[in-house]
Colleague: 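Here you go, one structure.
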Amino acid sequence: MRALRAAPLTPEAFAPFGDVLDATGGFRLINAGLCKRHHDRAALDFGPEGRGGISIFQAEPRSLPYTFELIERHPEGSQAFLPMTADPFLVIVAPSPDATPQAFLTNGAQGINLFRGTWHGVLTPLHAPGLFAVVDRIGATPNLEEHRYTEPWTVLAP
């Protein structure tokens, strides 16, 4: 069995693959001082012939250990996942299909933005209802490439 151990999601560890979206660090007060705005947290990229769109995904929850054989990427634009519940989810990324994937576990108060072309696993919530707002590229050109491993990987709990 090819196994990976999930690591906590941190901005430093995730930097090669995308942005960690959370309410930490600098902010400015808005709404008469009643709201902290953590400004411009993601490098959204919709390519020259795309536009940004917001979709709602509802994915079936999985559990650890989690076995996968499929990764995908979106060559035409970035893709952000914003959980609509305060539950952790699993994030799988890889520099390429030939490289060893990495697994990260969010803390329940984080979303992610995957850079354009980043190889990643499918949406993997660990709790129901698995509800996410997804901000990504809408356009006429193909924006999905998939890779299936010949031997699956298993992600173990931290």
Colleague: Ignoring hydrogens, what is the shortest heavy-atom contact between Asn31 and Cys35? Give both atom names and the distance.
Modeller: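 The answer is OD1-CB, 3.4 Å.
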
Colleague: Could you walk me through whether Phe89 and Phe81 pass ring-ring contact (aromatic ring centres under 6.0 Å, His included), step by step?
Modeller: CA-CA 10 Å; Phe89 66 101; Phe81 292 90; 7.3 Å; no

Colleague: Using a 3.5 Å distance criterion without hydrogens, assess whether the side chain of Asn107 forms a donor-acceptor pair with backbone atoms of Ala109.
Modeller: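 Yes.
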
Colleague: Looking at Arg137 and Asn143, would you say the former's side chain and the latter's main chain have a donor-acceptor pair under 3.5 Å?
Modeller: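 Side chain of Arg137 to backbone of Asn143, a donor-acceptor pair under 3.5 Å: no, none is there.
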
Colleague: Looking at CG of Leu126 and OG1 of Thr106, how far apart are the two atoms once the value is rounded to the nearest 0.5 Å?
Modeller: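 One gets 7.5 Å once the value is rounded to the nearest 0.5 Å.
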
Colleague: Check for me whether Arg62 meets the cation-pi criterion with Phe68, that is, NZ or CZ under 6.0 Å from the six-membered ring centre and within 45 degrees of the ring axis.
Modeller: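 Cation-pi check for Arg62 and Phe68: fails.
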
Colleague: What heavy-atom pair brings Glu146 and Leu70 nearest, and what distance separates the two atoms?
Modeller: CB-CD1, 3.8 Å

Colleague: Looking at Gly50, is its backbone amide N or carbonyl O close enough to the side chain of Glu76 to form a donor-acceptor pair, meaning the two atoms are under 3.5 Å apart?
Modeller: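 Between the backbone of Gly50 and the side chain of Glu76 there is no qualifying donor-acceptor contact (under 3.5 Å).
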
Colleague: Quick one: does any side-chain atom of His38 pair with a main-chain N or O of Gly26 as donor and acceptor, under 3.5 Å?
Modeller: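 Looks like yes, one N/O pair under 3.5 Å.
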
Colleague: Any sub-3.5 Å donor-acceptor pair from Asp87's side-chain atoms to Pro125's backbone N or O?
Modeller: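 Side chain of Asp87 to backbone of Pro125: no pair is present.
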
Colleague: Are any side-chain N or O atoms of Arg5 and backbone N or O atoms of Val155, one a donor and one an acceptor, separated by less than 3.5 Å?
Modeller: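 Not a single qualifying donor-acceptor pair exists.
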
Colleague: Identify which one of Val20, Asn113, Thr24 satisfies the side chain to side chain contact (heavy atoms under 4.5 Å, CB included) criterion when paired with Arg41.
Modeller: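 Only one of Val20, Asn113, Thr24 forms a side chain to side chain contact (heavy atoms under 4.5 Å, CB included) with Arg41, namely Thr24.
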
